[in-house]
Colleague: 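I am attaching a structure below and will ask some questions about it afterwards.
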Amino acid sequence: MYHCQIQFYLSGVQCRAFDIIKEMAPYEHYSHRFVWGQEPDPAAAAAADVIVANMEGQDAKEAMCTLLPEKRTDTELLVILEKDQVAGIIEYFGDITDVWILPMTGAELSFRFERWLQNYKTGKDLWEARHFLETTINNVPNLVWYKDKNGIHEKVNDSFCHTVGKTKQQVQGRGHAYIWDVEHDDPACIESEREVMNNRRTFVSEELVKTGDGVRTLMTYKSPLYDLDGSVMGTVGVAIDVTQERVYEQEIVQKNQTLEKIFTTIDCGVIRHTSDGSRVLSINRAALKILGYESQDEMEAEGFQTVAGSILEEDRDRFRECIESLEKEGDSISTEYRVRHKNGEILHIMGNVKLLMENGELFYQRFLLDCTAQKLQEKKREKRQEELAQALTVDYSIVCFFNLNTGKGVPIRSDERNGSAFTADENGNIYFQKSMEQYINTIVHEEDREKMLELIQTDALRQKLEEQGVQHANYRAVLDGEVSYYQLKAVRTGSWNRQCGIVIGLRSVDVEIRKEMEQKNLLETALMQANRASKAKSVFLSNMSHDIRTPMNAIVGFTALAIAHIDQREQVEEYLKRL
């Protein structure tokens, strides 16, 4: 995979060896580049990957002293010598890769250079393998370690260091306890490594490793390491830290259990079935109870095909059409239908159907809610409203029905004096806003018009009827120049959720209002007279109190004097005569 360009520096006198080196074809993925100089050149030596120095006719020691200081540590040096020059460079043999001693035949030179090329390539191949291995080991998210027989970590990867929070220098050469910040080595870990070495096979297990920060869960793969003689010298381990995954799994299990409990115990029925309606994927107890079955098998045995057999026949086709109208994922629809149980009981069901996709397959998810009680209550309310509306048609001179959603209506009763605003068109329809505004602007007293116009605003009236069911207001009407008292009453009727139907009734309350006013005046007059009498009484009592108090003071005084002189008869008689 790698590409290697070798820069050769050929130093010294041209020789047969240089020609052979130049003529030798490079290996695949290799290329050769040559620089030649007769005298040793330090710059060329510094740039070279391989120096081939021909020492013939030179001072070998001097040439070595020129080349070696500039040579890179990874540059290889091949020296060509005559036999009598060898003794002069023995001290430099540690810096020399190979020595070729002349005389040598061309075949010998080719063999020596070919052998050197093989060794050079082997070194580069080893570098590539080591580079690939180190890069892979240090960049995988798994923990990788190599231990000797005594459990000492000889080598670890970057992920291992990151997990334990220590550097390689801190980890390598240390045992389990120090690395994981615990007091003692883990007996289970030691035992598993002993089994790996004794049985000479890979062991896979999930281990709980105690650390200074708690417990980690590792999925470990441990294998034996062999020495050159085939004996086991230690173990290699690969582990995946699955601590967080196990936490997530536990959370998922708990959530699934919670969802399963909710699914099976909620009062709302839930059904999931295939898009063709042939197979029920899941159904909870509430849905079975609502549909009138004891089990899913019983329901399917009766013939479940998109809809259950217990649904009333007159609702079945309509409900199936609603379901089949859903075309794409996410579409939903709500509808009402009825179910007949085996005991004859009929339930009213509010159903919602949604088209969903899971694992590339479309399916229906349905919710069922028993609204029978609400339906019965709604019918009772509608009956009461209809009875009230019927009462309006008896007591009121003008009665009309309106649909607040469309504004259209029909007159039920009208009179000639004030009913012109409620005259139907050629189609028999009247219109709420138009009719009421015309009536108010032509009949209602000008001082009451604003109040009445606010009352008939559709949204406000709908909201008030939603809350209270009935609205009424008293107003004054001007008919033939005379002012009369009237009352408007609005009552909900029919199915309020579907059409917001109301009955408007108008009637004269002039007699009642005037009687009330007359009685009020009489009460006010009587109250005034009573207040006057009470005031006169208070004045009389005040005056009488003064007239009585004066003589009583004299009587009390003379009586006291007489008692004081009781033993003086003449004096007592005098006091008594003055009384």
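What you see below is based on every heavy atom in this structure, not just the backbone, and it leaves out hydrogens, waters and symmetry mates.
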Colleague: Is any side-chain heavy atom of V503 closer than 4.5 Å to one of C400?
Modeller: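 Answer no - side chains too far apart.
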Colleague: Give a yes or no on whether a salt bridge exists between K342 and E298, defined as a side-chain N under 4.0 angstrom from a carboxylate O.
Modeller: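 Salt bridge flag = yes for E298 with K342.
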Colleague: Quiz question: by atom type and distance under 3.5 Å, do the side chains of T220 and E206 form a donor-acceptor pair?
Modeller: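 No - no donor-acceptor pair under 3.5 Å links their side chains.
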Colleague: How would you list, by chain and number, every residue that makes a ring-ring contact (aromatic ring centres under 6.0 Å, His included) with F304, sequence neighbours excluded?
Modeller: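 Only H273 meet the ring-ring contact (aromatic ring centres under 6.0 Å, His included) criterion with F304.
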Colleague: Is it true that a side-chain atom of Q457 and a backbone atom of L453 form a donor plus acceptor pair closer than 3.5 Å?
Modeller: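 Yes, Q457 side chain to L453 backbone: donor-acceptor pair under 3.5 Å.
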Colleague: State plainly whether the residues K168 and D158 are in salt-bridge range, i.e. N to O under 4.0 Å.
Modeller: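 Result for this pair is yes, salt bridge flagged.
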Colleague: Just by modelled atom types, is the V444 backbone N or O under 3.5 Å from a matching donor or acceptor in the D448 side chain?
Modeller: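 No, because the side chain of D448 does not come within donor-acceptor range (under 3.5 Å) of the backbone of V444.
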Colleague: Could you tell me whether a side-chain N or O of T217 sits under 3.5 Å from a main-chain N or O of V242, the two making a donor and an acceptor?
Modeller: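 Absent.
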Colleague: Side chains of D297 and S295: do they bring a donor and an acceptor to under 3.5 Å?
Modeller: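 No, no side-chain donor-acceptor pair sits under 3.5 Å.
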Colleague: Does either side chain, that of K222 or that of T202, offer a donor lying less than 3.5 Å from an acceptor on the other one?
Modeller: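 The answer is no; no qualifying pair exists.
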Colleague: Flag the pair K210 and E183 as a salt bridge only when some basic side-chain nitrogen lies within less than 4.0 angstrom of an acidic carboxylate oxygen.
Modeller: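 The answer is no: the pair does not qualify as a salt bridge.
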Colleague: Before accepting this row, confirm whether a basic side-chain N of the pair R279/E300 lies closer than 4.0 Å to the acidic partner's carboxylate O.
Modeller: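 No, R279 and E300 are not salt-bridged.
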Colleague: Indicate yes or no: does R340 engage E345 in a salt bridge with an N to O separation below 4.0 Å.
Modeller: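 Salt bridge: no.
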Colleague: Go through the structure and list residues passing ring-ring contact (aromatic ring centres under 6.0 Å, His included) with Y485, not counting sequence neighbours.
Modeller: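 Scan of Y485 (ring-ring contact (aromatic ring centres under 6.0 Å, His included), adjacent residues dropped) gives none.
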Colleague: If only side-chain N and O atoms count, and only distance matters, is there a donor-acceptor pair under 3.5 Å linking Q487 with Y475?
Modeller: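 No, no side-chain donor-acceptor pair sits under 3.5 Å.
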Colleague: Between Y439 and F422, what is the ring plane arrangement, given parallel below 30°, perpendicular above 60°, and tilted in between?
Modeller: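 Because their plane-to-plane angle lies in the 30° to 60° range, the rings of Y439 and F422 count as tilted.
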Colleague: Residues two or more places apart in sequence or in another chain: which of them pass salt bridge (Lys or Arg N to Asp or Glu O under 4.0 Å) with E245?
Modeller: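 Testing E245 for salt bridge (Lys or Arg N to Asp or Glu O under 4.0 Å), a comparison that skips the adjacent residues, returns none.
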Colleague: Does this structure show an ion pair linking D241 with R216, if we count only N-O contacts that are shorter than 4.0 Å?
Modeller: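 The answer is yes: the pair qualifies as a salt bridge.
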Colleague: State, without any angle test, whether S334 and N352 hold a side-chain donor-acceptor pair at a distance under 3.5 Å.
Modeller: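 Yes, N352 and S334 have a side-chain donor paired with an acceptor closer than 3.5 Å.
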Colleague: Taking only Lys NZ, Arg NE, NH1 and NH2, and the carboxylate oxygens of Asp or Glu, determine whether K166 and D181 approach each other closer than 4.0 Å.
Modeller: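 Yes, this pair counts.
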Colleague: With side chains defined as the heavy atoms from C-beta onward, is the minimum distance between L488 and M436 less than 4.5 Å?
Modeller: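 When only atoms from C-beta onward are counted, M436 and L488 do touch, with a gap below 4.5 Å.
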Colleague: Can a cation-pi geometry be assigned to R246 and Y248, taking NZ or CZ under 6.0 Å from the six-membered ring centre and within 45° of the ring axis?
Modeller: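 Not satisfied by the 6.0 Å and 45° rule.
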Colleague: Within the 4.5 Å heavy-atom criterion, are N142 and Y221 side-chain neighbours or not?
Modeller: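 Not touching, per the 4.5 Å side-chain cut-off.
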